[in-house]
Undergrad: 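Provided herewith is a single structure, encoded as C-alpha cells, for subsequent inquiry.
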Amino acid sequence: MSTRTSWADLAANSAAENTTAGSSANNASVGTTSAAPARSTYVPPHLRNRVPSSDPPAPAYSGPASSNDRQGYGGPASSNDRQGEREVNPFGDDDDTEQAFSEQENTGINFDAYEDIPVETSGENVPPPVNTFAEIDLGEALNQNIRRCKYVKPTPVQRHAIPISLAGRDLMACAQTGSGKTAAFCFPIISGIMKMQGQSAQRPLRGARTVYPLALILSPTRELSMQIHEEARKFSYQTGVKVVVAYGGAPLNQQLRELERGVDILVATPGRLVDLLERARVSLQMVKYLALDEADRMLDMGFEPQIRKIVEQNDMPLPGARQTMLFSATFPKEIQRLASDFLFNYIFLAVGRVGSSTDLIVQRVEFVHESDKRSHLMDLLHAQRANGVQGKQALTLVFVETKKGADSLEHWLYVNGFPSTSIHGDRTQQEREQALRSFRSGNTPILVATDVAARGLDIPHVAHVVNFDLPNDIDDYVHRIGRTGRAGKTGLATAFFNEGNASLARSLADLMQESNQEVPAWLSRYAVRSSYGGRNRRSGGGRFGGRDFRRDSSFSRGSSDYYSGANSSGGYGASGGYGGYGSGMTSAWD
DNA sequence: AAAAAAC
C-alpha cells in the first residue's frame with residue numbers, strides 16, 4: 001500500500017530538488033544582482049522609530065495586500081504581474097490533481113483511535129472543536145490543497161486549534177510529536193491572509209527594499225524551518241499567499257532575492273531573522289500572525305534573548321494587536337510562565353496522542369557501560385539487518401550527546417561496514433542537508449545525530465531511534481523518540497543507560513510507566529535512589545503533554561496577575577471530557 | 001557541560 005508515501009515523501013523529494021536547483025540557479029546570478037549588503041538603508045534598531053499604529057501609513061500605495069503586489073522594490077505592481085511566472089506545483093502532479101484526491105488515501109493515521117483522545121482546554125470562551133475540514137470556512141483554494149495532501153479529516157490538535165485560531169485567539173498548544181501541529185497553525189494563517197487579500201491594505205514605505213511579512217513562523221533549527229516552509233508551500237499553492245524561508249548557513253543573497261519577490265509568510269530561524277532585521281530588509285510592522293514551533297525550545301535559556309529581541313525589540317505589533325500561537329509536544333511550567341509575556345488572553349490546549357510518542361513507540365532501556373556502547377549498537381544493527389523491509393534496511397536514527405561523538409561514531413560505523421552519515425552543528429549546511437536527504441532516501445539508512453535532529457523533523461520510515469547517549473532532560477528524550485512512530489505508525493526506541501544517566505532515571509521510569517512500557521527493575525531501583533521530583537520531573541505529568549500552568553496554584557504566589565481573571569473558573573474544560581487526572585499532579589516548581 | 005542559532 002502506498003499510503004505511507006503520499007505527500008510526506010513528496011516533501012522530501014521536492015525539498016531535495018529545490019535545494020539543488022535553487023543553489024545552482026543562484027550561483028549564476030550572484031554578483032550581478034544586489035549582492036552588496038544594504039548598508040545605505042541600514043538603521044540600527046535603537047534609532048528606528050516605532051511607528052504607532054495610529055499613524056497614517058505612508059501614502060504611495062494602496063493595493064491589495066496580496067503577495068502579488070509585493071515584488072520588486074515596492075512599486076505598486078498589478079496583481080497580474082506574476083502571471084507569467086508560473087507557481088511551481090509543490091505536489092508534482094500537474095497532470096491530474098484531482099486524481100490523487102479520488103484515491104481517498106489518508107496519511108496512514110489511524111483515525112479510529114482519535115475518538116477517545118484526552119483533551120484539556122482552559123481560558124475564556126473556548127471555541128468548540130470541529131469534526132471535519134468542511135465545517136470550517138478556510139477558503140476554496142486551501143480546501144483544495146488539503147484534499148491534495150490527502151487529509152481527509154482533521155487530527156485532534158487540528159480539530160481544536162484551528163477553530164481557536166480562526167476565532168482570532170492566542171493559543172498555547174501541547175500536542176504529541178507527529179500529530180499534525182504544522183498544519184494546525186498554517187491553515188488559519190493562510191486562510192486569514194487570503195481573506196486579507198480582498199481588503200485594501202496599505203503598507204508603509206520605509207527602505208525601498210524592506211519587506212513586510214504578514215505572518216512569522218519561527219523554529220529552532222534550519223532543517224525544521226525548511227520542512228515547515230515545504231509544508232506551508234503545499235498548503236498555500238494557488239492561494240496567492242507567498243511563503244519564504246530564511247535561515248543561516250545558506251547564501252544570504254538567494255534568500256534576499258526570494259524576499260524581494262514578495263512574502264506573506266516568513267518562516268525563519270532566529271539568527272538569520274535578527275540579521276535581516278538589523279539590515280532593515282525585513283520589518284515586522286505588518287505581522288498579524290506569530291507562530292513559534294517547538295515553542296518551549298524557542299524560549300529556553302539559549303534562545304530566549306533572541307526571541308525577545310525579535311518579538312519585543314523590533315516593530316512587531318504588541319500582544320493583542322497580533323495573534324500569537326505557541327506549539328510544542330512539551331511545555332515545562334516555567335517556560336509557560338515565560339511564554340505568557342508574548343500572549344494575550346490565550347487559550348491553553350493539550351491534546352493527547354495518536355500517531356505519536358507514547359503507546360505506538362515501544363521503548364526499551366538497556367544497561368550498557370560506556371565502553372560497551374559501540375559493540376552493543378553493532379549487535380542491534382546486525383539483528384536489524386535481518387528484518388529489512390522490501391530489501392531495504394529500516395531507517396535507524398542514533399542520537400549522541402556531542403558533535404565530536406557524532407563524527408567519531410559515524411566514522412566507526414562506516415569502517416565497520418554500516419552505511420551511515422551524520423548531522424550536527426559543526427557540519428556545513430550543505431553537508432547537513434545532504435545527510436538528511438541521504439538518510440531519507442535510504443541511501444545511508446543510519447543517521448548519527450546530535451539534538452539538532454531531535455525536534456520536529458518528519459522523516460518517514462524511521463523504524464528505530466537509538467539513544468546511544470541519553471539526554472539530560474526528559475523532554476528532549478520525548479522529542480527524540482518522537483522521530484519514530486509518526487502518524488499512527490509503530491516505532492521502536494532503544495536507550496543505552498548507565499551510571500552517568502542516574503539523574504534521568506526517575507523521570508524516564510515515570511514516563512515509561514505512563515506510556516505503558518515495561519520498566520526494568522534495575523531502572524526502578526535507580527529511580528528511587530535518584531532525584532526526588534527535582535527539575536527532571538516531567539513537565540506535564542499525567543498521560544500527555546501538559547497542563548495549563550495558570551491552573552496551578554503554586555504559580556499564584558507572588559504573582560497574582562497570572563492567576564487572576566481569565567482562568568479563575570468555568571472557563572476551562574469546555575471541550576474536555578477528560579477528568580481522570582490532575583489532582584495528584586506535581587508541579588515542576590514544587 | 002552540550003547543543004542550537006548570523007556573518
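Each chain gets a letter, A, B and so on, in the order its sequence line appears, and its residues count up from 1.
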Undergrad: Any side-chain N or O of A/Thr450 below 4.0 angstrom from OP1/OP2 of B/dA4?
TA: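 Yes, A/Thr450 has a side-chain N/O under 4.0 Å of OP1/OP2 on B/dA4.
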Undergrad: What's the CG-P distance between A/Asp407 and B/dA3, to the nearest Å?
TA: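 Taking atom P of B/dA3 as the reference, CG of A/Asp407 is at 11 Å.
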Undergrad: So A/Val452, base contact, sugar-phosphate only, or nothing? Heavy-atom distance under 4.0 Å.
TA: sugar-phosphate
Undergrad: Name the orientation class of the two ring planes belonging to A/Phe235 and A/Phe187 (parallel below 30°, tilted from 30 to 60°, perpendicular beyond 60°).
TA: perpendicular
Undergrad: Looking only at the side chain of A/Tyr247 (C-beta and beyond, no hydrogens), which of the listed nucleotides B/dA2, B/dA5, B/dA6 gets closest?
TA: B/dA6
Undergrad: CG of A/Leu470 versus P of B/dA2: gap in Å, rounded?
TA: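 It is 18 Å, rounded to the nearest whole Å.
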Undergrad: May I have the distance from A/Leu273 (atom CG) to B/dA5 (atom P), rounded to whole angstrom?
TA: 14 Å
Undergrad: Ignoring backbone atoms, test whether A/Arg297 places a side-chain nitrogen or oxygen under 4.0 Å from the OP1 or OP2 oxygen of B/dA5.
TA: no
Undergrad: Is the shortest side-chain N/O distance from A/Thr269 to OP1 or OP2 of B/dA6 below 4.0 Å?
TA: yes
Undergrad: Round to a whole Å and report the spacing from CD1 of A/Ile307 to P of B/dA6.
TA: 11 Å
Undergrad: Nearest whole angstrom, please: distance from the C1' of B/dA3 to the NE2 of A/His424.
TA: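 Result: 12 Å.
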Undergrad: Kindly say if A/Lys403 contacts the phosphate of B/dA4, meaning a side-chain N or O under 4.0 Å from OP1 or OP2.
TA: yes
Undergrad: Can you classify the ring geometry of A/Phe367 versus A/Trp522 as parallel (below 30°), tilted (30 to 60°) or perpendicular (above 60°)?
TA: perpendicular
Undergrad: Is the NZ or CZ atom of A/Arg529 both under 6.0 Å from the centre of the six-membered ring of A/Tyr526 and within 45° of that ring's axis?
TA: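 A/Arg529 over A/Tyr526 ring: yes.
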Undergrad: Can you measure A/Asp451 atom CG to B/dA5 atom P for me and round it to whole angstrom units?
TA: 11 Å
Undergrad: In this structure, how many angstroms lie between the C1' atom of B/dA6 and the CG atom of A/Asp275, rounded?
TA: 5 Å
Undergrad: Look at the side chain of A/Asn472 against the base of B/dA2 and say whether a donor-acceptor pair falls under 3.5 Å; ignore hydrogens and angles.
TA: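 No.
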Undergrad: Decide, yes or no, whether a salt bridge links A/Arg455 with A/Asp296 under the criterion of side-chain N to carboxylate O below 4.0 Å.
TA: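 Result for this pair is yes, salt bridge flagged.
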Undergrad: Under 4.0 Å between a side-chain N/O of A/Arg432 and OP1 or OP2 of B/dA5, yes or no?
TA: yes
Undergrad: Please work out if A/Gly248 contacts a base, only the sugar-phosphate, or nothing of the nucleic acid, heavy-atom cut-off 4.0 Å.
TA: sugar-phosphate
Undergrad: Rounded to the nearest Å, what distance is computed from the CE atom of residue A/Met298 to the P atom of nucleotide B/dA5?
TA: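 Computing the A/Met298:CE to B/dA5:P distance gives 10 Å.
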Undergrad: Do A/Glu258 and A/Arg261 sit within salt-bridge range, that is, some charged N less than 4.0 Å from a carboxylate O?
TA: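 Salt bridge present between A/Glu258 and A/Arg261.
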